[in-house]
Structure formats: structure tokens, C-alpha cells
Amino acid sequence: MSGMAKNPPEGLGNDFLDEIVAIPTYSGNEFPLAGNKGNLAGTAAGASSMLQQSSGKGSSHVRSAGGGGGGGGGYEGTEAMFPLGLNLKQEKTCSEEGSGSGKQLGEGKDTRTRAEQVREYRRQIILHYQPLQRELYTLNPGKFFAPSFIKAVSENTEASLRSIISEHSPGIYTFEMLQPSFCELLLSEVENFEKWVKKKEIQIMRPNMMHSYGVVLDDFGLETMLAKLMEDFICPISKVFFPEAGGLTLDSHHGCVVYYGKDWAVKESCHADDSDVTLNVCLGNQFSGGEQFFRGIRCGGHQFTGVHPLEAIVDYSHVPGKAVLHHGRLRNGAKATTSGHRINLLLWCRSSVFREMERYQKNFPSWCRCCQLDEKDRLRQSVSATKLELSRNKELREG
Ligand SMILES: O=C(O)CCC(=O)C(=O)O
Ligand SMILES: [Fe+2]
């Protein structure tokens, strides 16, 4: 089992504390899942009421394509705009976000790259944290996944995958994925990690700028297991359903668990994940409300445009054990969880090849609605200009 914690020494030395970089943290509320055995079958209740569209800015105005690419988590907020992505310091600009390894952080003193800081941060945690559910740390499909999911992925044909996957709406796919016992184990591991963090009074990195309530699984030893999960079980699906979004070449991920509920109220904000393909699976528990909403796929240059009238505005009510797989640039957000607690596993899957190609892409990406509209406009204008020129030439010849 690689990446597992060794026996921790008593307490944590100053070196360890020095290594932890300040990030969003919370210390107050207990993780309220202890003793919830058997409750995982709870479902997301509550009819999905329509989310109000983005205030004021929600016109279908199409901005001309700007920088593009960039992988940053832009937001079209219902109110505020937040960036997303792994963040060692609470920076405010989207463009600083994302998987930009090689970038130096810190004001002056710390000259390590972001990648180096993250590596050291993880090393320190893994050295000191003692896992509770060790079986989670090695991928065990028979224990983790629903039999139907294992069968479809092992057959690995488009037909077998389509037999278990439903298209909730264009580009949003759902399927039964996790066994209740796996969800329970993961929840108890997360709870254990939170207890450890609290006991040691350390600050840890939280999943992203939207979530101070949640943990990054990769940081405490689950990175290898999640990488294998992505490679063996998500890539076969993304190859079929998201070939245009890097689905053929996913090669890195950001894995976390996020919490919603009374003690973990998250501001409703529409955003794009720092991901090329996103896997989101509900782990539990009993809750109502908390629908996820989707507001159109946009490239980096069009993140802040409104929803187009022809575009579906989609809500989805999470169900424990069931996965949602969507295009990473599909703008999304979560409505308030009105009772109980909703806890989800997120795997932001990335393709370095896709991101590199995006940087040099000259043509518009076919999957961005605004780029499509821009392209149509450009064609229309060029046809009108040609027509005008032809009629002028005709007038000159005849006149
Ligand atoms: O509410 C959820 O399940 C998804 C959260 C989310 O969109 C995100 O963290 O990127
Ligand atoms: Fe998201």
C-alpha cells in the first residue's frame, strides 16, 4: 500500500506546523456522522424548485472570446464571484488558480514552487496521520463499487456503458457507482481525519474556494487509490462520453469530500470546476434540498456570459451512491441543503494533453455555446460582406 501513513510520533513537531500553509479552515463544528450506520440509503428529498437565474447579468449577451483556455475556475455568480481550485494561500484571482505547477507562491521568503509545497504538505500529513479504515487506501472494486458498474466497465464497450448510464440532460451522465458500505467507510475516515486535525490544532487545506467545509483526500494518503480509480474506472467512461474534453487522456486529479448542512452552509455560487471531466458522487446522508444546478458549458473566455435561451437550465438531486459525470467546464453550483447533511465525493479529472492543446488552439472549441454563436456571427457577417461586394461590383459593371 503506497502513500500510507507510518506510525505517527507522539504529537507534531514545530517543523510540521511550519510546513502547513494557512488556508481556509474551520474548527468549530463536529462532524455529525458518528453512529449513523445504516442511514446511507437516505435520499435527496424535496422537489427541485427552479433556481433563479443569475441576477442582472443573466442576459444572453455574448462577449467576444478573450484569453481562453487557462483552466482557471471562473465564476458566473448568482451574486458573488469566486475562483475555484487548489489554493495554498487565499488568493483572489482566478488566473492564479488551477494546476499551474511550477508557479512560485508566497511573498518573498518561500521560494518553493506550488508543486513542491503541496508535496511537502502531503508528506508531513501522511507521516503523522494514522488512517482508520486502511482498506480504503487500496482500490478494491468488489468492495467499493456496485456490481452493475464493475460489470459494465470490465466489458468496456459503448453498449455495456450505455446500459448503466443515463443522460440526465445533454452532457450530464448519472449511474449507480458506490456501495453503501464503501460510503460509510469513507465517511468514517473523513471524520477520523477531521478529529485528528482538530486534536492537533492544525490548519489544513480545504477543497477549494467554495468549500471550507470538506477535506482533500489526496492530502492524507488516498491519492494513489483515487488515481487508480480514475484510470481504471473513469477513463473508460470519459473516453466514450467526453472525447472532446480530454476524456481520452485524463492523467491527474484533485479528489476531495465536501459537506453541506446547517453547520456547513455554503454560499450558492455558480462556477466552473478546475477540471476537464468531473465525477461527483453522493456519499450520504439524509438531507433535503441541496440540488446541484448546471448552467451551460463555457470555455475560459466565456465563463461569465449568461445562459443562452436555447440552453437547458438543469437541476439534479443527489442520491447516495449515485455518480454524476459531467464536462469540467459545465458551470455548476449547489443550492442550500435545507435539512440534514449532504456529503459528496468529488474527483476533478484533468488531462495535461487537453490543457496543452487548449493553450495553442486557434479554432473555437466546439463544445462552448458562446464560441459556436460567435462563429455563426462571424460566418453571417462574412456572407453579408461578400454579398455586398458582389452587388457593388455588379452595379459598377452595369452602371
Ligand atoms: O454540490 C456538489 O455536490 C458539488 C460541489 C461543487 O460543485 C464543487 O465543489 O465544485
Ligand atoms: Fe463544481
Side-chain angles (χ1 to χ4, degrees), residues 23-24 42-44 46 48 51 54 71-78 80-87 94 97-99 168 171-174 177-178 183 186-187 190 205-218 226 242 245 253-261 264-298 300 303 313-338 340-350:
I23 32 74
T43 54
S48 53
L51 180 87
S54 301
Y75 278 78
E76 183 202 14
T78 43
M81 292 184 183
F82 296 100
L84 260 195
L86 180 65
N87 207 8
C94 312
E97 299 291 335
S99 55
H168 178 70
I172 304 173
Y173 300 98
T174 63
M177 180 175 176
L178 299 178
C183 298
L186 187 53
L187 290 174
V190 169
M205 288 196 278
R206 296 294 171 179
N208 54 50
M209 291 300 283
M210 184 172 137
H211 291 291
S212 335
Y213 305 122
V215 291
V216 180
L217 300 174
D218 301 314
L226 291 174
F242 298 104
H253 72 268
H254 175 58
C256 55
V257 164
V258 295
Y259 331 137
Y260 298 92
W264 305 318
V266 173
K267 197 165 179 185
E268 195 178 274
S269 60
C270 190
H271 63 270
D273 302 343
D274 182 7
S275 140
D276 301 325
V277 175
T278 295
L279 174 77
N280 184 352
V281 202
C282 185
L283 298 172
N285 207 306
Q286 288 182 326
F287 56 88
S288 52
E291 297 84 4
Q292 198 172 0
F293 59 83
F294 298 94
R295 296 290 177 272
I297 299 178
R298 294 290 188 280
Q303 273 303 319
I313 295 176
V314 175
D315 284 354
Y316 174 77
S317 298
H318 279 281
V319 177
K322 199 162 180 179
V324 178
L325 195 70
H326 64 82
H327 196 298
R329 313 296 159 81
L330 174 55
R331 297 179 300 184
N332 65 96
K335 295 186 183 181
T337 300
T338 48
H341 297 103
R342 173 163 82 80
I343 303 184
N344 279 50
L345 165 66
L346 287 171
L347 195 65
W348 288 357
C349 307
R350 297 163 180 155

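Ligands are counted one by one from 1 in listed order, and the atoms in each one are counted from 1 as well.
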Take the angle between the ring planes of Phe242 and Tyr173 and call it parallel below 30°, perpendicular above 60°, tilted in between.
perpendicular

Quick one: does His318's side chain get under 4.5 Å of Tyr260's, heavy atoms only?
no

Using a 4.0 Å cut-off to any heavy atom of Ala334, which atoms of ligand 1 qualify?
1 (O)

Evaluate the side-chain proximity of Ile343 to Phe287: yes if any heavy-atom separation is below 4.5 Å, no if none is.
no

Structural part of Asn280 in contact with ligand 1, heavy atom criterion under 4.0 angstrom
side chain

Can a non-hydrogen atom of Asn208 be found less than 4.0 Å from any atom of ligand 1?
yes

Kindly assign one of parallel, tilted or perpendicular to the pair Tyr316 and His168, based on the angle between their ring planes and the thresholds 30° and 60°.
perpendicular

Hey, which atoms in ligand 1 end up nearer than 4.0 Å to a heavy atom of His318?
3 (O)

Asp273 heavy atoms, cut-off 4.0 Å: which ligand 1 atoms fall inside?
10 (O)

Where ligand 1 meets Asn332 - atom numbers and elements under 4.0 angstrom, heavy-atom basis
6 (C), 7 (O)

Contact region, Trp348 to ligand 1, non-hydrogen atoms below 4.0 Å, reads side chain

Starting from the C-alpha separation in whole Å, work towards a yes-or-no answer on side chain to side chain donor-acceptor pair (under 3.5 Å) for His326 and Asn280.
CA-CA 8 Å; His326 64 82; Asn280 184 352; 5.7 Å; no

OD1 (Asp273) to the Fe ion (ligand 2) to NE2 (His271), nearest 10°, is 90°

What are the two closest heavy atoms between Arg342 and Gly290, and how far apart are they?
NE-O, 3.0 Å

Among all residues two or more places apart in sequence or in another chain, which pass the side-chain hydrogen bond (donor to acceptor under 3.5 Å, both in side chains) test with Thr278?
Asp273, Ser275

Can you tell me if Met210 has an N, O or S atom under 2.8 Å away from the Fe ion (ligand 2)?
no

